[in-house]
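Notes follow the structure.
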Amino acid sequence: MIKMPLLSVIIPDKSRPYLAREAIRSVYSQKPISLKDVEVILVLDDRKYPVELIASAFPNVKMVFNSAKEGPGGARNTGLVKARGKFVA
């Protein structure tokens with residue numbers, strides 16, 4: 001049986017992989033957090049996003065493309081639909 005994560009962290013982003021990397025690092029640097037207790041969902045508003053920059057550094061981050069460019073609020077809602085954690089941030 002797959003254990004559900006305790007916390008889902010939704011990070012909306014639009015063409016700023018350097019900021020996304022910093023946000024993801026910040027999540028994983030929090031103590032006491034283990035990789036199995038948290039799921040990070042990066043919601044991308046741009047299909048031209050350099051996904052390989054994130055995927056190579058953080059293979060366990062779930063990346064979701066937001067088909068309708070709805071801005072940060074819409075991206076958070078898209079991430080909320082994909083979230084599996086008991087708590088969402």
Side-chain angles (χ1 to χ4, degrees):
M1 186 167 116
I2 297 174
K3 184 181 175 194
M4 303 261 299
L6 179 63
L7 175 66
S8 294
V9 179
I10 301 168
I11 302 172
D13 191 30
K14 182 177 180 178
S15 300
R16 294 179 306 215
Y18 56 95
L19 291 177
R21 282 195 309 265
E22 289 303 312
I24 295 166
R25 280 190 192 112
S26 176
V27 169
Y28 288 133
S29 71
Q30 304 300 311
K31 302 292 181 211
I33 286 188
S34 72
L35 292 178
K36 65 183 177 194
D37 291 335
V38 67
E39 95 179 314
V40 176
I41 303 169
L42 181 62
V43 184
L44 309 168
D45 248 2
D46 188 357
R47 286 272 179 196
K48 298 174 190 161
Y49 195 92
V51 173
E52 64 279 354
L53 292 176
I54 301 297
S56 63
F58 305 100
N60 51 338
V61 171
K62 184 186 299 183
M63 287 183 264
V64 178
F65 284 100
N66 195 11
S67 57
K69 296 185 189 298
E70 300 170 329
R76 286 184 198 96
N77 289 336
T78 298
L80 194 54
V81 170
K82 302 291 184 179
R84 299 180 307 123
K86 184 174 180 179
F87 301 102
V88 178

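Just so it is clear, the values below take in all heavy atoms, side chains as well, and ignore hydrogens, waters and symmetry mates. Just so it is clear, the model here is predicted, and its values are computed rather than measured. Starting from 1, each residue takes its place in the sequence as its number.
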For residues 23-30, dump all side-chain donor-acceptor pairs below 3.5 Å to protein atoms at least two apart in sequence or in another chain.
residue : atom : partner : partner atom : Å
R25     : NH1  : E22     : OE2          : 2.8
Y28     : OH   : N60     : ND2          : 3.3
S29     : OG   : R25     : O            : 3.4
S29     : OG   : S26     : O            : 2.9
Q30     : NE2  : S26     : O            : 2.9

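- Considering every non-hydrogen atom in both S8 and R84, the closest pair reads OG-N, 3.4 Å.
- A side-chain hydrogen bond (donor to acceptor under 3.5 Å, both in side chains) with N66 holds for exactly one of N77, D13, D45; it is D45.
- Between atom CG of residue L7 and atom CD of residue E39 there is a gap of 8.5 Å, rounded to the nearest 0.5 Å.
- Under the 4.5 Å side-chain heavy-atom criterion for Ile, Leu, Val, Met, Phe, Trp and Tyr, I11 and I54 are members of the same hydrophobic cluster.
- Two different hydrophobic clusters hold L80 and V61 under the rule that ILVMFWY side chains link at heavy-atom gaps under 4.5 Å.
- Here the options are V64, V40, V43, the test is side-chain contact (heavy atoms from CB on, under 4.5 Å), and the partner is I10; only V43 passes.
- Of all non-hydrogen atoms in L42 and A20, the two that sit nearest each other are CD1-CB, 4.0 Å.
- In plain terms, the two heavy atoms of K62 and K82 that are nearest each other are NZ-O, 3.4 Å.
- Enclosure of atom NZ in K14 is not indicated, since only 12 or fewer non-hydrogen atoms of other residues, nucleotides or ligands lie within 6.0 angstrom.
- A continuous path of Ile, Leu, Val, Met, Phe, Trp and Tyr side chains, each step under 4.5 Å between heavy atoms, connects V38 with M63, placing both in one hydrophobic cluster.
- Clustering ILVMFWY residues whenever any of their side-chain heavy atoms sit less than 4.5 angstrom apart, transitively, puts V9 in the very cluster that holds F58.
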